[in-house]
Peer 1: 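I'd like to ask some things about the structure below.
Below, read A as the first sequence line, B as the second, and so on, with proteins coming before strands; counting in each chain starts at 1. What you see below is based on every heavy atom in this structure, not just the backbone, and it leaves out hydrogens, waters and symmetry mates. Only a predicted model underlies this, so the values are computations on that prediction, with no experimental measurement involved.
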There are 2 protein chains.
Amino acid sequence: MSIAAQIPARFTLTVKDVATEAGVAPSAVRFYEQHGLITAHRTAGDQRRFDDSAACRIKVAKVAQRVGLTVREIADVFVTLPDDPEPQDWQRVAAVLIDEAEARTAALQAYLGEMLSGGRLCEIDDRIEVPNQGRG
Amino acid sequence: MSIAAQIPARFTLTVKDVATEAGVAPSAVRFYEQHGLITAHRTAGDQRRFDDSAACRIKVAKVAQRVGLTVREIADVFVTLPDDPEPQDWQRVAAVLIDEAEARTAALQAYLGEMLSGGRLCEIDDRIEVPNQGRG
DNA sequence: GCTTGACTTCAACATAAGTTGAAGGCCGAG
DNA sequence: CTCGGCCTTCAACTTATGTTGAAGTCAAGC
């Protein structure tokens, strides 16, 4: 009987493959795996093997980072994706990411709007509260 | 005749004053001055003195950072503010910041939308190009 | 005019997000 | 079955964004 769990057939891509596909350095691919953005299986010789979703996750992550999401925050969203996700899973993830981006933009807009409409602009009689940036 | 340029009368606030007003640590106020987000005059004894706009700039910067703008990028926008800015100057700065935030959110939305509508999701037959993230 | 608290600079530390290089191991093409 | 290329880990380095602490200076109240 075989002892080791076999690697699912779709996990065929090497670090280099994923890096090339995603347009990042191989070191970044390892970094993202360490930080839970992507998941690998290991060969008998301890090498990583990824499926197609790895490059995709990385590409989404790079765009998400541009709106201020950290790798940690993005990983937290991605862990909700099942193994071999359905379209609806990606749909949900997309909604979460976009909501967050829009919320942050809205916060910026609200703060600037309040500041400008206040007339006082930057006078030091604080009626404007800077929005709570709860990271937690 | 006096040799040294006098500090404009409105520059009365110490590092601590600005830090308290902006809700950040004094070390951060010095950091932001080093990086051009805010400007100080110096007393005869070499101490920084800020005007009201310093705390305001910092508060705006903190919200702008949340949408992915770096200190450098924010400073680049703030340098367009004249000394003792008019409402219209802040209006323009606000517009630039919001435009940038919306552009980044739109890029995220576009990428996710294309990915989801493509049907293939994360299949490796790249018709989806990850949006160009030109920094600079 | 002294004390005390806030100021100064500078260097070291911390965390996030990676990159680079060394030392060695895996694997597929010939 | 060997060779070259990609793989592994690990530690050190980099940049961005700050914080912390040391050593010394300034300024405001008593």
Peer 1: For the pair B:Ser53 (side chain) and B:Cys56 (backbone), establish whether a donor and an acceptor sit closer than 3.5 Å, ignoring hydrogens and angles.
Peer 2: no
Peer 1: Quick one: list whatever passes salt bridge (Lys or Arg N to Asp or Glu O under 4.0 Å) with B:Arg49, sequence neighbours left out.
Peer 2: none
Peer 1: Between the side chain of B:Arg104 and the main-chain N/O of B:Gly68, is any donor-acceptor distance below 3.5 Å?
Peer 2: yes
Peer 1: Rounding to a whole Å, what distance do you find between A:Phe50:CZ and D:dC6:P?
Peer 2: 16 Å
Peer 1: Could you walk me through whether B:Arg30 and B:Val15 pass the side chain to side chain contact (heavy atoms under 4.5 Å, CB included) check?
Peer 2: CA-CA 7 Å; B:Arg30 297 193 185 92; B:Val15 166; 3.9 Å; yes
Peer 1: How many Å lie between CD1 on A:Ile58 and P on C:dG18, as a whole number?
Peer 2: 10 Å
Peer 1: Does B:Arg30 have a side-chain nitrogen or oxygen under 4.0 Å from the phosphate oxygens OP1 or OP2 of C:dT8?
Peer 2: yes
Peer 1: Is the closest basic N to carboxylate O distance between B:Asp51 and B:Arg57 below 4.0 Å?
Peer 2: no
Peer 1: Between the protein and nucleotides 18-22 of chain D, are there any N/O to N/O pairs under 3.5 Å, and if so, what are the atom names and distances?
Peer 2:
unit_1: D:dG18; atom_1: OP1; unit_2: B:Lys62; atom_2: NZ; d: 2.8
unit_1: D:dG18; atom_1: OP2; unit_2: B:Tyr32; atom_2: OH; d: 3.2
unit_1: D:dG18; atom_1: OP2; unit_2: B:Gln65; atom_2: OE1; d: 3.3
unit_1: D:dG18; atom_1: OP2; unit_2: B:Gln65; atom_2: NE2; d: 2.6
unit_1: D:dG18; atom_1: O5'; unit_2: B:Tyr32; atom_2: OH; d: 3.1
unit_1: D:dT19; atom_1: OP2; unit_2: B:Ser27; atom_2: OG; d: 2.6
unit_1: D:dT19; atom_1: OP2; unit_2: B:Ala28; atom_2: N; d: 3.1

Peer 1: Listed in order of residue number, which residues of residues 33-49 of chain B have a non-hydrogen atom at under 4.0 Å from DNA chain C?
Peer 2: B:Arg42, B:Asp46, B:Gln47, B:Arg48
Peer 1: In whole angstroms, how far is the P atom of D:dG5 from the NZ atom of A:Lys16?
Peer 2: 10 Å
Peer 1: Quick one: CH2 on B:Trp90 to CG on B:Leu97, what's the gap to the nearest 0.5 Å?
Peer 2: 8.5 Å
Peer 1: I'd like to know whether B:Asp83 forms a side chain to side chain contact (heavy atoms under 4.5 Å, CB included) with B:Arg10, so could you lay out the CA-CA distance, the side-chain angles of the two residues, the decisive distance to 0.1 Å, and finally the verdict.
Peer 2: CA-CA 11 Å; B:Asp83 217 73; B:Arg10 71 181 189 284; 2.7 Å; yes
Peer 1: To the nearest 0.5 angstrom, please state how far the CD1 atom of A:Ile74 sits from the CD1 atom of A:Ile58.
Peer 2: 11.5 Å
